[in-house]
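Right, one structure below, let's go through it.
Lettering of chains follows the sequences in order, A, B, ..., and the numbering in each one begins at 1.
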Number of protein chains: 2
Amino acid sequence: MAQKNKLKYIILGLLGEHDLTGYDIAKAFTADIGEFWNANHSQIYPLLKRLETAGLITHQLQLSGEKLEKKVYSLTAAGQAQLSDWLHEPTTELTASKDEFVLKLYFVQNADDPMLQPMLTEQLRLHQAKLAHLQKQMTRKFSAVASKTDNYGHFLILQHAIEREQGYSDWLAQTLAQKTLRAAAARNHL
Amino acid sequence: MAQKNKLKYIILGLLGEHDLTGYDIAKAFTADIGEFWNANHSQIYPLLKRLETAGLITHQLQLSGEKLEKKVYSLTAAGQAQLSDWLHEPTTELTASKDEFVLKLYFVQNADDPMLQPMLTEQLRLHQAKLAHLQKQMTRKFSAVASKTDNYGHFLILQHAIEREQGYSDWLAQTLAQKTLRAAAARNHL
DNA sequence: TTTAATCATGTATATAATTACATGTTTTAA
DNA sequence: TTAAAACATGTAATTATATACATGATTAAA
């Protein structure tokens, strides 16, 4: 097993909110959920079939126009139960982050390595862009006070993502600043 | 392709520091690198063979005791070049975090959901434990001033990991505190 | 009106990664 | 001295996931 099939629970979780088509589910990964998970439609459609065979979801055909048949999936009682079980069971594994930049950094031994500065600068740019994007999301989705308690989980993770990107950017910026300081100190010692 | 084979570069990177056996490489994932990446020996051994076929690494047999043959791998010039290329090319993909707790939280709609408090409390405990572990690592490995510039990349990512866990814990603690406040306010309104 | 974008659903292929299976040696501690 | 822990290297089976292939309908814009 390459992972403990969390996509299954994402599908169950999404269907717990609304009935959705496979296409809708795939789209969710380019929107909200894409912020912290991803999946392709080629993974989603077969899994939907498996989940239906397992009795966790069902579908109804719905015509869109003259010919186009949509499969609108919904959660069964069994599916609802498994979703609830998953939500209630403790989450004990803290997954390794698998951040490629961090990985590269691990192999930079020397503090004076000339590639360090461009590496840090570029990552800072990327994470600041991500931060700005998340902040825009936050404003768009949760500017109204009421919405915060309504979609509370979503609000919380967006808040967390923003804090995380802020922290990431701070770390990079501070490292760059210290690099500059060290470089100046080195020049003075010549 | 399930991922852009970063394990390959981890192996090249590790061999760029010292010659190592497959066993040593596997062990590295239970130590330092395990903090932000993981891999099993069943993935490592076949990959070592592929990398050797591709001419990026070579090995020498070394006897340990009477019979036990170790394969000590080392980096070739071609391997060194590919490692350097990877390190120098920009890291543009910010990987989705795939944090199961965050995923669960996404599906908690209501701020007053009774499962929220135990969920948050348990995660806080886990992340505080992780934080304490990372801080111990930092002390053990980088208490000497000289070591910081020596293994600079490692120092930086450890520092980053600590800040990240601190931020994660803060977020959880703050969310719990606000929950308590809201509960008290609700009682007063009765 | 025609063309591009989006909707909609699949399959095939390849690779990545986890768990389990499998075997034997060497070292350390009881 | 013997038993457990750690060293050491593999393969098999399964599942996950990404990219590419494949097809067609509907809607919105040029």
### Message
Run the side-chain hydrogen bond (donor to acceptor under 3.5 Å, both in side chains) test against Thr121(A) and tell me which residues pass, sequence neighbours left out.
### Response
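side-chain hydrogen bond (donor to acceptor under 3.5 Å, both in side chains) list for Thr121(A), sorted by chain: empty.
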#### Entry: Distance below 4.0 Å between Lys71(A) side-chain N/O and dG10(C) OP1 or OP2
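Yes, such a contact exists.
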Nearest whole Å is fine: how far is [N] [atom2] from [X] [atom1]?
X: Asn5(B); N: dA16(D); atom1: CG; atom2: P; answer: 20 Å
X: Asn40(A); N: dT13(C); atom1: CG; atom2: P; answer: 18 Å
X: Lys8(B); N: dT15(C); atom1: NZ; atom2: P; answer: 13 Å
X: Ile44(A); N: dT17(D); atom1: CD1; atom2: C1'; answer: 11 Å
X: Tyr45(B); N: dA12(D); atom1: OH; atom2: P; answer: 16 Å
X: Ile11(A); N: dA16(D); atom1: CD1; atom2: C1'; answer: 13 Å
X: Arg50(A); N: dT11(C); atom1: CZ; atom2: P; answer: 13 Å
X: Trp37(A); N: dA18(D); atom1: CH2; atom2: C1'; answer: 16 Å

### Nearest-nucleotide pick for Asn38(B), side chain only, options being dT9(C), dT18(C), dA16(C)
dT18(C)
### side-chain contact (heavy atoms from CB on, under 4.5 Å) between Leu20(B) and Val72(B), intermediate numbers included
CA-CA 5 Å; Leu20(B) 295 166; Val72(B) 182; over 6 Å; no
Exercise answer: donor-acceptor pairs, residues 177-185 of chain A side-chain atoms, under 3.5 Å, sequence neighbours excluded:
residue, atom, partner, partner atom, Å
Lys179(A), NZ, Ala111(A), O, 3.4
Thr180(A), OG1, Leu176(A), O, 3.0
Arg182(A), NH2, Tyr152(B), OH, 3.3

Might you list the N or O atoms of the protein lying below 3.5 Å from N or O atoms in nucleotides 24-30 of chain D, with each pair's distance?
residue, atom, partner, partner atom, Å
dA25(D), OP1, Lys67(A), NZ, 3.4
dA25(D), O3', Leu68(A), N, 3.4
dT26(D), OP1, Ser64(A), O, 3.2
dT26(D), OP1, Glu66(A), N, 2.5
dT26(D), OP1, Lys67(A), N, 2.7
dT26(D), OP1, Leu68(A), N, 3.4

### Query
Base, sugar-phosphate, or nothing for Lys49(B), non-hydrogen atoms under 4.0 angstrom?
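Sugar-phosphate only.
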### Six-ring centre of Trp37(B), Lys6(B) cation under 6.0 angstrom, axis tolerance 45°
no
### Summary
By nearest-heavy-atom nucleotide on DNA chain D, the more 5' of Gln43(B) and Leu7(A) is Gln43(B)
### Query
What do you reckon, is CD of Glu66(B) surrounded by more than 12 foreign heavy atoms closer than 6.0 Å?
no
### Task
Establish whether the base of dT19(D) is bridged to the side chain of Ser42(A) by a donor-acceptor pair shorter than 3.5 Å.
yes
#### Entry: salt bridge (Lys or Arg N to Asp or Glu O under 4.0 Å) involving Lys71(A) - partner list, sequence neighbours excluded
none
### Task
Look at the aromatic rings of Tyr168(B) and His127(B) and report parallel, tilted or perpendicular, splitting at 30° and 60°.
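It falls in the parallel class, under 30°.
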### Taking every non-hydrogen atom, the tightest pair across Tyr73(B) and Glu52(B)
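Looking at all heavy atoms of both residues, the shortest contact is CE2-OE1, 3.8 Å.
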Would you list the atom pairs, donor with acceptor, under 3.5 Å between side chains in residues 26-34 of chain B and any protein atom, with sequence neighbours excluded?
residue, atom, partner, partner atom, Å
Thr30(B), OG1, Lys27(B), O, 2.7
Asp32(B), OD1, Lys141(B), NZ, 2.5
Asp32(B), OD2, Tyr106(A), OH, 3.3

### Query
Which parts of residues 19-26 of chain B get close to DNA chain D, meaning a heavy atom less than 4.0 angstrom away?
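Residues of residues 19-26 of chain B that come under 4.0 Å of DNA chain D are, in numerical order, Thr21(B), Gly22(B), Tyr23(B).
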